[in-house]
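Below, each value reflects all heavy atoms present in this structure, side chains not excepted, and no hydrogens, waters or symmetry copies.
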Amino acid sequence: MQADKKIYFISDFHLGVPTYEKSREREKLICKWLDEIKNDAAEIYLVGDLFDFWFEYKYVVPKGYIRLLGKIAELSDSGIIINIFTGNHDMWMYDYLPQELGVNLFYSPVTKIYHGKSFYIGHGDGLGPGDKGYKFIKKIFRNKFCQWLFARLHPNFGIALANYFSRTSRNKTKHENIYLGDDKEFLVQFCKDELKKQHYDYFIFGHRHLPIEKQIQNSIYINLGDWLEYYTYAVFDGNKLELKKYNAV
């Protein structure tokens, strides 16, 4: 990481909802933000749920999102390292994005060190205590045989079916827009448990949809919020990590 370069973190675009028009508007805004940071970005972390649904068949991917995909390819081709994490809505990513866009794809949290600072980075789903139902379903969705079975469905039916369940799940899942307290924030509990085993300077997650910047012992927990309501991101300049809101909104 060069001295004048920065690392950016952003998550939870959920492209595809609530309508085609709203999604397109949000996609253009994301591309505008990417254009604005490209001159000083060394790496960009897209930390999950870029799409409200994504499934890669062997020869078929969901249509749309061409502006975002093209912009990611452009930045990757220019030498910026692009890291994409799967989220709970787009966990069925395989080799298409790495092959076509030249990105790094991660299915689980990773640890990194930049300028002597240690980072724990992940989408955040399935971490911490509770939510046993989702953790069980996630194991099913991650199962290779179950994925193979779903791939037997014709894309017209399979993608439509998955989009329906994604929207149904969204309607049933309530993201609290207030901080619930340390004892009820599952990612805070996860950070505390990890710090018992090893120190990290920064924990960075998405999934919660609420921008959070909180000190936990001698570490900082950042939740990146979302681009449905908050339009927030984090940036590390080699010295400190800051949570910011995109001013163009």
Side-chain angles (χ1 to χ4, degrees), residues 8-39 41 44-57 59-78 80 82-94 96-103 105 123 125 154-175 177 206-211 223-235 244-249:
Y8 290 88
F9 305 85
I10 189 169
S11 74
D12 291 273
F13 304 158
H14 288 273
L15 293 179
V17 296
T19 64
Y20 175 85
E21 291 77 17
K22 290 291 186 181
S23 177
R24 174 63 62 83
E25 179 181 331
R26 200 159 67 252
E27 182 182 8
K28 288 181 178 179
L29 191 64
I30 295 162
C31 290
K32 185 174 184 290
W33 177 80
L34 289 170
D35 260 334
E36 292 179 9
I37 69 167
K38 66 183 179 183
N39 290 330
I44 300 172
Y45 282 85
L46 307 175
V47 194
D49 281 355
L50 280 64
F51 312 104
D52 203 61
F53 169 74
W54 182 275
F55 186 89
E56 292 176 26
Y57 290 83
Y59 300 110
V60 176
V61 296
K63 71 177 184 178
Y65 322 122
I66 195 66
R67 288 164 180 78
L68 177 62
L69 297 178
K71 182 57 63 178
I72 292 173
E74 174 194 328
L75 300 183
S76 178
D77 288 347
S78 74
I80 298 173
I82 309 292
N83 306 292
I84 294 180
F85 287 72
T86 59
N88 51 303
H89 279 260
D90 52 15
M91 66 175 65
W92 286 336
M93 295 180 181
Y94 305 122
Y96 176 73
L97 298 184
Q99 286 183 358
E100 293 297 317
L101 309 184
V103 304
L105 183 62
H123 181 62
D125 60 311
H154 189 282
N156 285 354
F157 177 74
I159 292 176
L161 179 66
N163 279 330
Y164 168 78
F165 282 112
S166 178
R167 286 172 171 79
T168 301
S169 173
R170 173 176 306 286
N171 291 335
K172 291 181 178 180
T173 301
K174 183 180 180 181
H175 291 285
N177 60 1
H207 186 57
R208 177 66 173 81
H209 284 231
L210 180 69
N223 196 283
L224 298 169
D226 65 23
W227 277 56
L228 291 162
E229 181 176 356
Y230 295 104
Y231 307 95
T232 44
Y233 65 95
V235 57
K244 296 186 174 185
K245 180 178 177 64
Y246 187 39
N247 292 327
V249 179

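Counting only heavy atoms from C-beta outward, the side chains of Lys32 and Tyr246 approach each other to under 4.5 Å. His123 is not listed as a side-chain neighbour of Leu46, based on a closest heavy-atom distance of 4.5 Å or more. By the 4.5 Å heavy-atom criterion applied to side chains, Leu224 and Asp12 are not counted as neighbours. Side-chain contact between Leu29 and Arg26: absent, with no pair of heavy atoms (C-beta onward) separated by less than 4.5 Å. Residues Leu15 and Leu50 form no side-chain contact, since every pair of their non-hydrogen atoms from C-beta on lies 4.5 Å or further apart. The side-chain heavy atoms of Val60 and Phe55, taken from C-beta on, include no pair separated by under 4.5 Å. Contact check for Trp54 versus Val61: side-chain heavy atoms found under the 4.5 Å cut-off.
When atom types are taken as modelled, the side chain of Asp49 and the backbone of His14 share no donor-acceptor pair closer than 3.5 angstrom. With hydrogens and angles ignored, the 3.5 Å screen pairs a side-chain donor or acceptor of Ser23 with a backbone N or O of Gly16. Remark: side-chain polar atoms of Glu56 are paired, donor with acceptor, to backbone N or O of Tyr96 under 3.5 angstrom.
Taking CZ of Phe9 as the start and CZ of Phe85 as the end, the distance is 9.0 Å to the nearest 0.5 Å. Taking CG of Leu228 as the start and NZ of Lys22 as the end, the distance is 11.5 Å to the nearest 0.5 Å. Annotation: the span from Ile10 atom CD1 to Trp227 atom CH2 amounts to 4.5 Å, rounded to 0.5 Å.
Here Tyr8 pairs with Trp33 under the ring-ring contact (aromatic ring centres under 6.0 Å, His included) rule; sequence neighbours left out. In this view, Asn83 and Glu43, Asn104 satisfy the side chain to side chain donor-acceptor pair (under 3.5 Å) rule, not counting sequence neighbours. Remark: Tyr65 engages no residue in a side chain to side chain donor-acceptor pair (under 3.5 Å) (not counting sequence neighbours). For Tyr20, the side chain to side chain donor-acceptor pair (under 3.5 Å) partners at least two apart in sequence or on another chain are Arg24. Residues passing the side chain to side chain donor-acceptor pair (under 3.5 Å) test with Asp90, sequence neighbours excluded: none.
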Residues Ile44, Leu34; criterion side chain to side chain contact (heavy atoms under 4.5 Å, CB included); working and verdict
CA-CA 9 Å; Ile44 300 172; Leu34 289 170; 4.0 Å; yes
Is there a side chain to side chain contact (heavy atoms under 4.5 Å, CB included) between Val235 and Lys244 once you walk through the steps?
CA-CA 8 Å; Val235 57; Lys244 296 186 174 185; 3.8 Å; yes
Ile30 vs Leu68, test: side chain to side chain contact (heavy atoms under 4.5 Å, CB included). Steps then yes/no.
CA-CA 8 Å; Ile30 295 162; Leu68 177 62; 3.9 Å; yes
Between Tyr94 and Leu105, does the side chain to side chain contact (heavy atoms under 4.5 Å, CB included) criterion hold? Intermediate values first, please.
CA-CA 8 Å; Tyr94 305 122; Leu105 183 62; 5.9 Å; no
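Across all their heavy atoms, Gly87 and Asp125 have their closest contact at C-OD2, 4.4 Å. The minimum heavy-atom distance linking Cys31 with Arg67 is given by the pair SG-O, 3.4 Å. Of all non-hydrogen atoms in Ser11 and Gly225, the two that sit nearest each other are OG-O, 3.8 Å. Taking all atoms of both residues into account, the shortest heavy-atom contact from Met91 to Asn88 is CE-O, 3.7 Å. The two residues His209 and Pro211 have their closest heavy-atom pair at O-CD, 4.0 Å.
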Please tabulate, for the side chains in residues 69-77, all donor-acceptor contacts under 3.5 angstrom to protein atoms that are two or more places apart in sequence or on a different chain.
unit_1: Lys71; atom_1: NZ; unit_2: Asp35; atom_2: OD1; d: 2.8
unit_1: Lys71; atom_1: NZ; unit_2: Asp35; atom_2: OD2; d: 3.2
unit_1: Lys71; atom_1: NZ; unit_2: Glu74; atom_2: OE1; d: 3.0
unit_1: Glu74; atom_1: OE2; unit_2: Lys38; atom_2: NZ; d: 3.4
unit_1: Ser76; atom_1: OG; unit_2: Leu101; atom_2: O; d: 2.8
unit_1: Ser76; atom_1: OG; unit_2: Gly102; atom_2: O; d: 3.2

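Under the 6.0 Å cut-off for aromatic ring centres, Phe51 and Phe53 do not qualify, their centroids lying 6.0 Å or more apart. The six-membered or imidazole ring of His89 lies away from that of His207, with a centre-to-centre distance of 6.0 Å or more.
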